[in-house]
**Student:** 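My structure is below; once you've seen it, I'll send some questions.
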Protein chains: 2
Amino acid sequence: MASSGRPRAFDRLRALEAAMEVFWERGYEGTTLADLTAAMGINRPSLYGAFGNKEDLFCEALALYEAREGAVITAGLTEAPTARAAIATTLGHNAKVYVEEGRPRGCMIVLSSLVGTPESAPVRALLAARRQAGEDELRARIARGQGEGDVPAEADPAQLAAFYSTILQGMSVAARDGADRARLDGIVANAMACWPAGRAGTDG
Amino acid sequence: MASSGRPRAFDRLRALEAAMEVFWERGYEGTTLADLTAAMGINRPSLYGAFGNKEDLFCEALALYEAREGAVITAGLTEAPTARAAIATTLGHNAKVYVEEGRPRGCMIVLSSLVGTPESAPVRALLAARRQAGEDELRARIARGQGEGDVPAEADPAQLAAFYSTILQGMSVAARDGADRARLDGIVANAMACWPAGRAGTDG
DNA sequence: TCCATAATGTACCTATAGGTACGAATCTAT
DNA sequence: ATAGATTCGTACCTATAGGTACATTATGGA
């Protein structure tokens with residue numbers, strides 16, 4: 001099939017990782033082809049040959065980001081014994097990784113493109129859809145808790161999910177603004193104080 | 001003094017308003033000189049003559065934004081009888097204006113430049129400083145409430161301010177994502193449920 | 001060994017970015 | 001009326017953006 005021809009001289013995954021980090025750090029429009037090829041260690045035609053154009057590369061980098069960063073979050077959400085513990089774990093995890101050394105601060109999905117030119121509108125739409133998907137995960141977990149009895153019946157899963165999603169998005173901004181771990185943890189603590197009903201800690 | 005010479009053929013304030021709206025909608029880097037001159041209805045040399053360069057114009061547009069949008073918020077903060085009412089008023093006001101028809105969604109200070117090229121780092125630093133200033137206003141109002149006795153002594157004004165500032169930043173993202181008024185109001189309601197001590201409504 | 005296939009590096013393309021030179025036009029003060 | 005000052009529109013500048021043509025090189029299969 002596609003076995004013949006000159007073999008690729010670079011590690012495709014490593015190059016994609018490098019691209020992901022640049023997009024994550026500078027955003028979609030703030031990243032130039034020159035930035036990308038420099039970080040990936042390849043020439044422009046190799047980039048186009050392996051990944052398509054800039055937008056295609058961004059989409060693939062975003063998919064890699066979600067696979068990497070989203071997996072542990074999804075796992076934490078499903079495995080936690082209660083909805084409250086699940087949300088607390090998710091927020092706490094993000095508070096930690098958003099300010100970790102050696103990687104861009106905040107969430108790539110939130111920060112990569114909130115505003116920009118009309119030409120990059122498709123990228124913003126994709127990111128907005130992924131944010132919505134993240135919120136849907138939160139809502140589903142809260143609804144599950146309601147079914148399992150650890151969330152009050154009168155609670156509104158959609159509204160709670162919107163609230164905690166907003167917290168996460170605000171935390172990404174805070175992380176970019178230089179917030180440290182303690183500050184984000186404090187924000188998470190405050191956010192968890194809003195949990196409905198037994199606010200003094202009705203955990204599993 | 002500056003009375004002689006050919007008079008300016010356009011309304012400087014109206015042009016600045018137009019520039020503000022474009023920057024607010026598309027962000028700093030997402031706005032081109034062509035976008036600006038088209039919206040302002042002037043030619044490029046007129047723009048440079050009246051406002052300096054792109055960065056200077058952005059700074060002045062941001063100052064106008066703060067004068068316009070910040071005034072009512074500062075007034076609401078200081079005039080409210082209690083810190084809780086002050087914060088609730090601020091959040092409620094922003095929930096309203098963030099999704100108002102006929103203007104860009106969300107907050108210009110939050111959205112204009114969170115990521116980008118190294119060249120626009122000064123703009124991001126300016127915006128971050130203004131976000132910090134906003135949070136400082138919240139903290140000061142909460143501390144005042146503590147002094148006046150309507151906020152529990154054991155509450156942490158800095159931490160609460162960080163929390164509500166994060167809420168506002170997250171709400172700007174939500175507004176850009178198409179959230180409607182009811183959704184933002186729900187987020188505000190949840191956020192106010194975190195107020196310390198008598199959470200069932202210890203208002204003034 | 002020769003061919004088809006595919007990746008490589010160099011060198012280029014067009015469009016547009018932010019910014020400016022310059023002469024014509026329009027004002028105030030004398 | 002003239003001088004000095006300031007804005008105007010046209011036309012331009014350089015740098016860089018994303019993207020590609022093309023000859024070269026390296027592989028697998030016949």
Side-chain angles (χ1 to χ4, degrees), chain A residues 1-16 18-19 22-23 25-62 112-113 115-124, chain B residues 1-16 18-19 22-23 25-61 112-113 115-124 126:
Chain A
M1 295 301 181
S3 56
S4 83
R6 180 173 176 171
R8 180 171 288 128
F10 62 93
D11 185 324
R12 194 181 186 282
L13 178 58
R14 284 196 179 281
L16 183 60
V22 180
F23 279 129
E25 175 68 41
R26 303 196 175 182
Y28 177 70
E29 289 191 317
T31 300
T32 70
L33 265 293
D35 292 334
L36 290 167
T37 52
M40 300 164 85
I42 62 179
N43 289 110
R44 210 167 291 205
S46 297
L47 187 156
Y48 280 85
F51 299 103
N53 63 15
K54 184 187 178 185
E55 186 174 333
D56 293 333
L57 175 58
F58 178 83
C59 293
E60 199 170 340
L62 182 66
S112 289
S113 186
V115 296
T117 65
E119 291 82 59
S120 64
V123 166
R124 283 194 295 285
Chain B
M1 295 306 172
S3 56
S4 83
R6 180 173 176 171
R8 181 171 288 129
F10 61 94
D11 185 326
R12 194 180 186 282
L13 179 58
R14 283 196 180 281
L16 184 61
V22 180
F23 278 130
E25 175 69 42
R26 302 195 176 182
Y28 177 71
E29 289 191 317
T31 300
T32 69
L33 265 292
D35 293 333
L36 290 167
T37 53
M40 300 165 85
I42 62 178
N43 290 111
R44 209 167 291 207
S46 297
L47 187 155
Y48 280 85
F51 300 103
N53 63 13
K54 184 186 178 187
E55 186 174 332
D56 293 334
L57 174 57
F58 178 82
C59 292
E60 199 170 341
S112 289
S113 186
V115 296
T117 65
E119 290 83 58
S120 64
V123 167
R124 284 194 295 284
L126 169 63

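Protein chains get the first letters and strands the later ones, always in sequence-line order, with residue 1 at the start of each.
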**Student:** Run B:Glu29 and B:Ser113 through side chain to side chain donor-acceptor pair (under 3.5 Å) and show every step you take.
**Tutor:** CA-CA 7 Å; B:Glu29 289 191 317; B:Ser113 186; 5.5 Å; no
**Student:** When you measure from the side-chain N and O atoms of A:Asn43 to the phosphate of C:dT8, is any distance below 4.0 Å, counting only OP1 and OP2?
**Tutor:**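 Result: no.
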**Student:** Can you check the A:Ile42 CD1 to D:dT20 P distance for me, whole Å?
**Tutor:** 15 Å
**Student:** Under 4.0 angstrom, heavy atoms only, what part of the nucleic acid is A:Thr31 near: base, sugar-phosphate, or nothing?
**Tutor:** sugar-phosphate
**Student:** If you find the nucleotide of DNA chain D closest to A:Ala34 and the one closest to A:Pro7, which residue's nucleotide is nearer the 5' end?
**Tutor:**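 Checking each residue's closest nucleotide, the 5'-ward one belongs to A:Ala34.
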**Student:** Taking the side chain as C-beta and beyond, is there a heavy-atom pair between B:Tyr48 and B:Leu57 under 4.5 Å?
**Tutor:**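 The answer is no, as the side chains (C-beta and beyond) never meet within the 4.5 Å cut-off.
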**Student:** Of the options C:dA7, D:dT7, D:dG18, whose atoms approach the side-chain atoms of B:Arg8 most closely?
**Tutor:**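 For B:Arg8, the side-chain atoms sit closest to D:dT7.
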**Student:** Could you state the atom-to-atom distance from CE of A:Met40 to P of C:dT8 in whole Å?
**Tutor:** 11 Å
**Student:** Ignoring hydrogens and angles, answer whether the base of C:dT8 and the side-chain atoms of A:Arg6 contain a donor-acceptor pair closer than 3.5 Å.
**Tutor:**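 A donor-acceptor contact between them is absent.
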**Student:** Looking at B:Arg44 and D:dG9, is any side-chain donor or acceptor paired with a base atom of the opposite kind under 3.5 Å?
**Tutor:** no
**Student:** Within the pair A:Ser46 and C:dT8, is there a side-chain N or O less than 4.0 Å away from OP1 or OP2?
**Tutor:** yes
**Student:** Checking B:Asp35 against B:Thr32: is there a side-chain donor and acceptor pair closer than 3.5 Å?
**Tutor:**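 Indeed, the side chains of B:Thr32 and B:Asp35 share at least one donor-acceptor pair under 3.5 Å.
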**Student:** Please state how far atom NZ in A:Lys54 lies from atom P in D:dT16, giving the value in whole angstrom units.
**Tutor:**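 In whole Å, D:dT16 P lies 16 Å from A:Lys54 NZ.
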**Student:** Would you mind telling me which of D:dG28, D:dG19, D:dC8 lies closest to the side-chain atoms of B:Phe10?
**Tutor:**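 Out of D:dG28, D:dG19, D:dC8, the nucleotide with an atom closest to B:Phe10's side chain is D:dC8.
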**Student:** Which is more 5' along DNA chain C, the nucleotide nearest B:Asp35 or the one nearest A:Gly49? Just name the residue.
**Tutor:**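 Comparing both residues, the 5'-ward one is A:Gly49.
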**Student:** Nearest to the side chain of A:Ser4, which nucleotide is it out of C:dG18, D:dT27, C:dT8?
**Tutor:**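 So the nucleotide nearest the side chain must be D:dT27.
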**Student:** Taking atom P of D:dG18 as reference, at what distance in whole Å does atom CD of A:Glu119 sit?
**Tutor:**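 That distance rounds to 12 Å.
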**Student:** Within 45 degrees of the axis of the six-membered ring of B:Tyr28 and under 6.0 Å from its centre: does B:Lys54 put its NZ or CZ there?
**Tutor:**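 Yes - B:Lys54 lies over the ring of B:Tyr28, closer than 6.0 Å to its centre and within 45° of its axis.
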**Student:** Check whether NZ of the Lys or CZ of the Arg B:Arg8 lies under 6.0 Å from the centre of the six-membered ring of B:Phe10 and within 45 degrees of that ring's axis.
**Tutor:**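 Because its charged atom sits under 6.0 Å from the ring centre and within 45° of the axis, B:Arg8 does stack over B:Phe10.
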**Student:** Which whole-number value in Å describes the distance from A:Tyr48 OH to C:dC12 P?
**Tutor:**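 That distance rounds to 19 Å.
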**Student:** Roughly how many Å is it from OH in B:Tyr28 to P in C:dA17, rounded to a whole number?
**Tutor:**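 Answer to the nearest Å: 14 Å.
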**Student:** Whole angstrom is fine here: how far is it from CG in B:Leu36 over to C1' in C:dT16?
**Tutor:**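 Going from B:Leu36 (CG) to C:dT16 (C1'), I get 15 Å.
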**Student:** CG of B:Leu33 versus C1' of D:dT16: gap in Å, rounded?
**Tutor:**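 Going from B:Leu33 (CG) to D:dT16 (C1'), I get 15 Å.
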